[in-house]
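Let me begin by presenting the structure, written as structure tokens, before commenting on it.
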Protein chains: 2
Amino acid sequence: MVPQKIQDIKVAVDAVIFGYFDKKDLQILLIKRSIDPFKGGWAIPGGLVLDHENLEEAVRRELQEESGIKPDFLEQLYTFGNVDRDPRNRVVSVAYLGLVNPSYHELFADSDAEDAQWFSVHKLPKLAFDHQNIIDIALKRLRTKIQYQPIGFNLLNEEFPFSDLENLYRTIIGQEIDRRNFRKKIMSYGLLNETKNVKKEGSGRPGKLFTFNQEKYKEWEEQGFYFEIK
Amino acid sequence: MVPQKIQDIKVAVDAVIFGYFDKKDLQILLIKRSIDPFKGGWAIPGGLVLDHENLEEAVRRELQEESGIKPDFLEQLYTFGNVDRDPRNRVVSVAYLGLVNPSYHELFADSDAEDAQWFSVHKLPKLAFDHQNIIDIALKRLRTKIQYQPIGFNLLNEEFPFSDLENLYRTIIGQEIDRRNFRKKIMSYGLLNETKNVKKEGSGRPGKLFTFNQEKYKEWEEQGFYFEIK
DNA sequence: TCAAAAGTGTTGACTTTACACCCATGG
DNA sequence: CCATGGGTGTAAAGTCAACACTTTTGA
């Protein structure tokens with residue numbers, strides 16, 4: 001196929017992990033680099049793939065090592081392979097997009113990173129390598145994807161008031177939505193199970209709590225829906 | 001980030017190239033391997049990335065070398081990185097999806113391949129490596145994508161009768177479509193420019209020839225449309 | 001004049017949008 | 001009783017689906 005000249009390219013994985021805290025912005029997980037290049041700078045988690053592990057295993061391991069996070073949803077995003085991405089070697093990096101409910105995960109920085117933190121997508125620090133570009137692409141994908149697959153639920157608590165879902169969509173899409181029409185649409189998909197519980201905290205009338213229906217989720221995940229928000 | 005143990009993984013690119021001949025099935029470009037493993041077997045074009053070239057450059061070079069094809073449309077599909085993909089080394093392969101109008105491209109097998117041929121997606125030979133899997137994923141992507149982006153035009157001649165577009169959709173989606181509704185919908189997007197020419201060959205009433213509107217294409221490519229075919 | 005493919009409209013069903021007031025609770 | 005957020009319906013506009021006959025050409 002190709003002359004067997006020795007190839008000098010490294011393979012890495014990186015992860016853009018989104019988390020959502022109610023009433024706040026959409027957040028992204030960043031780690032502070034403990035080694036050069038960009039030592040002390042912020043970057044998305046990631047690292048070189050080990051010889052014996054599959055790509056997704058590699059991302060999960062790196063996430064674990066660098067931040068303690070185990071994402072609920074994780075899918076391949078895009079592979080970045082330009083020759084000048086890394087000042088040391090040529091590195092081809094397979095980027096993943098992950099979703100996490102941060103209230104179920106404690107963040108800690110392990111050996112491989114000096115620190116790990118959530119940052120609002122609107123207030124990101126300057127990032128190492130081409131990571132800002134990777135995040136931009138991830139955000140675009142998330143915004144598109146949430147409109148035809150029910151992945152948003154991965155960011156919410158197991159039981160959540162309807163308004164959480166509403167705010168999540170508002171936040172991710174960055175656009176006002178009509179509460180009545182939104183509720184009708186979501187309800188029509190049959191994705192939500194009503195529980196008998198109600199939200200306690202906060203002022204105002206307590207909202208019913210919902211869980212989401214895993215079977216319906218799978219159905220809609222496969223066939224997709226069309227959910228344009230006006 | 002990660003201990004600098006020497007990594008032993010190779011980086012390759014592969015391409016699933018679709019071509020469409022009027023009145024025929026959708027076709028895929030395959031090459032006959034001239035080296036082991038799978039020597040003499042059929043595979044999708046591809047090969048190792050050179051140190052100094054970007055990923056997309058690598059695919060284009062390999063396609064050129066192995067078949068003489070320069071795809072009109074080419075985008076990254078997915079990266080396949082399981083540990084056991086290749087019996088020799090570990091190879092991570094970045095797969096691309098390409099579209100070509102075969103009547104504008106002569107196929108030839110160059111030094112790197114014994115032969116290069118179009119195969120109907122419905123009559124593929126047994127394929128090397130995990131290439132059948134890659135093709136399955138590419139087909140799925142093509143079928144989905146053609147329903148929200150106007151990429152189909154890349155498969156047609158520069159001037160084409162409306163029925164070509166119709167048949168193309170029928171073929172790719174593998175489903176009957178309503179001619180009247182289809183035409184209305186496509187026309188409403190403003191993607192087509194009517195020419196003064198008509199199709200000559202074939203029996204029956206000659207059809208007007210159309211070209212497609214590059215500017216509108218770009219618009220719709222970015223914003224996407226929603227085109228479910230019933 | 002026949003066969004083959006091109007071209008073309010309308011109606012009813014359904015879906016989407018726009019829009020505002022009352023309700024339940026806690027302080 | 002006030003503030004806060006939760007919960008709900010309807011009508012008009014727009015879009016989609018279903019459906020069949022006429023036109024143009026070449027043989």
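Chain identifiers are assigned alphabetically (A, B, ...) following the order of the sequence lines, protein sequences preceding nucleic acid strands; residue numbering begins at 1 within each chain. What's counted below: heavy atoms across the whole structure, side chains too, no hydrogens, waters or symmetry copies.
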- Message: Suppose we call a contact any N or O donor and acceptor under 3.5 Å apart; does that hold for the side chain of A:Arg180 and the base of D:dG7?
- Response: no

- Over how many whole Å does the gap from B:Arg183 atom CZ to D:dA17 atom P extend? 19 Å

- Item | Distance in angstrom units between B:Phe162 CZ and C:dT8 P, rounded | 11 Å

- Message: Tell me whether A:Arg183 forms a cation-pi arrangement with A:Phe162, defined as NZ or CZ under 6.0 Å from the six-membered ring centre and within 45 degrees of its axis.
- Response: yes

- Note on the structure: In whole angstroms, the gap separating C1' of C:dC19 from CD of A:Glu176 amounts to 15 Å

- Item | Atom-to-atom span, CZ of A:Phe227 to P of C:dT17 - whole angstrom | 10 Å

- Message: Using only modelled atom types and a 3.5 angstrom limit, is any donor from either the side chain of A:Arg205 or the base of D:dT4 paired with an acceptor on the other?
- Response: no

- Whole-Å gap separating P (C:dT17) and CD1 (A:Ile177): 13 Å

- Message: Pick the closest DNA chain C nucleotide for A:Asn181 and for B:Lys208 by heavy atoms, then say which residue is nearer the 5' end.
- Response: B:Lys208

- Message: Once hydrogens and angles are ignored, does a donor-acceptor distance under 3.5 Å link the base of D:dT10 to the side chain of A:Lys184?
- Response: yes

- Task: Flag the pair B:Glu75 and B:Arg141 as a salt bridge only when some basic side-chain nitrogen lies within less than 4.0 angstrom of an acidic carboxylate oxygen.
- Result: yes

- Query: Can you check whether B:Glu215's main-chain N or O pairs, donor with acceptor, with B:Asn213's side chain at less than 3.5 Å?
  - Reply: yes

- Query: What is the distance from CD of A:Glu201 to P of D:dT4, rounded to the nearest Å?
  - Reply: 18 Å

- Message: Using a distance-only criterion (donor-acceptor N/O pair, under 3.5 Å, no hydrogens), is the base of C:dG7 paired with the side chain of B:Arg179?
- Response: yes

- Query: Looking at A:Tyr189, is A:Lys216 sitting on its ring face, NZ or CZ under 6.0 Å from the six-membered ring centre and within 45 degrees of the normal?
  - Reply: no

- Let me know the distance between CG of A:Asp178 and P of D:dT8, rounded to the nearest Å. 15 Å

- Compare side-chain N and O positions of A:Ser203 against OP1 and OP2 of C:dG26 and report whether any pair is under 4.0 Å apart. no

- Message: Under a 4.0 Å threshold between the charged nitrogen and the carboxylate oxygen, would B:Arg61 count as salt-bridged to B:Glu57?
- Response: no

- Query: Once you round it to whole Å, what is the distance between C1' of C:dG7 and CG of B:Leu165?
  - Reply: 16 Å

